[in-house]
Number of protein chains: 2
Amino acid sequence: MSDLLERLRGRGWRMTSQRRVVAEVLDGEHVHLTADEVHARAARRLPEISRATVYNTLGELVSLGEVLEVATDGRAKRYDPNAHHPHHHLVCSGCGTIRDVHPTNDPLADLPVEERFGFTVSEAEVTYRGLCPDCA
Amino acid sequence: MSDLLERLRGRGWRMTSQRRVVAEVLDGEHVHLTADEVHARAARRLPEISRATVYNTLGELVSLGEVLEVATDGRAKRYDPNAHHPHHHLVCSGCGTIRDVHPTNDPLADLPVEERFGFTVSEAEVTYRGLCPDCA
DNA sequence: TCCTACGATCGACTGAGTCCAAGTCAAGAA
DNA sequence: TTCTTGACTTGGACTCAGTCGATCGTAGGA
């Protein structure tokens with residue numbers, strides 16, 4: 001993740017302790033935290049960090065393409081730092097746990113022209129649902 | 001949609017004017033209204049209908065399997081009456097318009113066992129994103 | 001027609017996220 | 001090193017979607 005900090009600095013991002021902490025919290029595989037969870041973890045290291053800053057920083061990371069926003073249901077969005085390795089999500093209908101998964105086929109190829117209604121289709125996102133071992 | 005009303009009555013649903021109006025609003029192809037839009041349209045015919053009733057009725061229709069809940073982004077959920085014909089969604093990143101689409105392949109088959117992490121996977125939902133002709 | 005359990009209503013409440021005015025500070029300039 | 005400045009952060013008020021619960025109303029069976 002330190003290369004994330006490097007990339008951000010290279011893009012002219014002003015490096016502040018708040019931004020550094022948020023970026024560090026979003027480190028690892030299969031990390032899918034809500035904004036509130038990010039805030040809670042960031043606050044363990046930097047107690048005075050505000051919710052607004054966490055939202056701002058997450059929003060910037062998303063628009064820079066460094067983090068993905070995942071809206072699995074009507075509940076809080078989750079943030080996925082694994083943005084540079086295309087993948088989809090497997091969500092547990094019981095507890096909401098998310099795993100990154102890699103299907104063998106690209107669903108974009110499966111949408112015939114006559115089903116595109118003149119849209120310029122750029123992306124296909126698959127959400128698999130089911131029960132995790134604990135909830136089954 | 002009148003067969004929907006029949007089906008509901010057959011299931012012992014108590015028929016009230018509010019429920020009838022909500023069911024009638026959710027009629028047609030490519031209908032993807034938010035709860036607030038459903039409430040607004042229902043209120044044109046039945047001005048005193050309350051938001052809570054619309055939420056209750058939508059929730060019941062969803063749990064009866066007559067209507068699908070679609071959470072395309074972090075915004076309000078949308079309700080899709082086309083629940084008896086399996087399909088996926090194409091969403092305009094500009095204006096949020098939704099179309100029902102039918103890919104040629106079932107993505108469930110594309111998730112190998114070693115990518116299921118012990119989950120019992122029951123459903124795969126594809127969201128295609130792009131720009132509609134108006135927004136392009 | 002009457003009765004009553006189920007459904008509708010209203011308003012207060014919650015949770016997620018946004019906005020804004022004022023204060024702070026990172027980093028380039030001197 | 002110190003100064004300067006505009007970008008960043010803060011806290012709190014606000015919005016929007018949705019839920020809850022007490023109370024009222026009525027569909028439909030007797």
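The shown structure was predicted, so the numbers you read here are calculated from the model rather than taken from an experiment. Here is the naming used below: chain letters follow the sequence lines, and residue numbers restart at 1 for every chain.
Annotation: side chain to side chain donor-acceptor pair (under 3.5 Å) contacts involving residues 126-136 of chain B, sequence neighbours excluded, comprise A/Glu125-B/Arg129.
In summary, the aromatic rings of A/His89 and A/His32 are positioned with their centroids under 6.0 Å apart.
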(message) Walk along nucleotides 20-30 of chain D from 5' to 3' and tag each nucleotide B, S or - by protein heavy-atom contact under 4.0 Å, base first, then sugar-phosphate.
(response) B----BBBS--

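With the nearest nucleotide of DNA chain C identified for both B/Glu60 and A/Arg78, B/Glu60 has the one nearer the 5' end. Closest-nucleotide positions on DNA chain D for B/Ala35 and A/Glu48 were compared, and the one nearer the 5' end corresponds to A/Glu48.
Rounded to a whole Å, the NE2 atom of B/His39 is 10 Å from the C1' atom of C/dT9. Put simply, OH on B/Tyr79 is 12 Å from P on D/dA17, counting in whole angstrom units. Summarising the geometry, the separation between CD on A/Glu37 and C1' on C/dG15 is reported as 14 Å, rounded to the nearest angstrom. Between A/Leu8 atom CG and D/dC8 atom P there is a gap of 12 Å when expressed in whole angstrom units. What separates CG of A/Leu58 from C1' of D/dT9 is a distance of 15 Å, to the nearest Å. Here the C1' atom of nucleotide C/dT9 and the OH atom of B/Tyr55 are 16 Å apart, to the nearest Å.
For A/Arg51 against D/dG11, a side-chain-to-base donor-acceptor contact under 3.5 Å is absent.
Residue B/Arg19 is in sugar-phosphate contact alone, with no base atom involved, counting any heavy-atom pair closer than 4.0 Å across all strands shown.
B/His87 and B/Asp80 share a side-chain donor-acceptor pair at under 3.5 Å. Side-chain atoms of A/Asp36 and A/His39 form no donor-acceptor pair, as typed in the model, at a separation below 3.5 Å.
Counting only heavy atoms from C-beta on, A/Thr53 has its side chain closest to D/dT9 among D/dT9, C/dG17, D/dA17. For B/Gln18, taking side-chain heavy atoms from C-beta onward, the closest of the listed nucleotides C/dG17, D/dA17, C/dT9 is C/dT9.
Side chain of B/Glu37 to backbone of B/Thr34: a donor-acceptor contact under 3.5 angstrom is found. In this structure a side-chain-to-backbone donor-acceptor pair under 3.5 Å is present from B/Arg116 to B/Leu111. Remark: side-chain polar atoms of B/Ser93 are paired, donor with acceptor, to backbone N or O of B/Gly130 under 3.5 angstrom.
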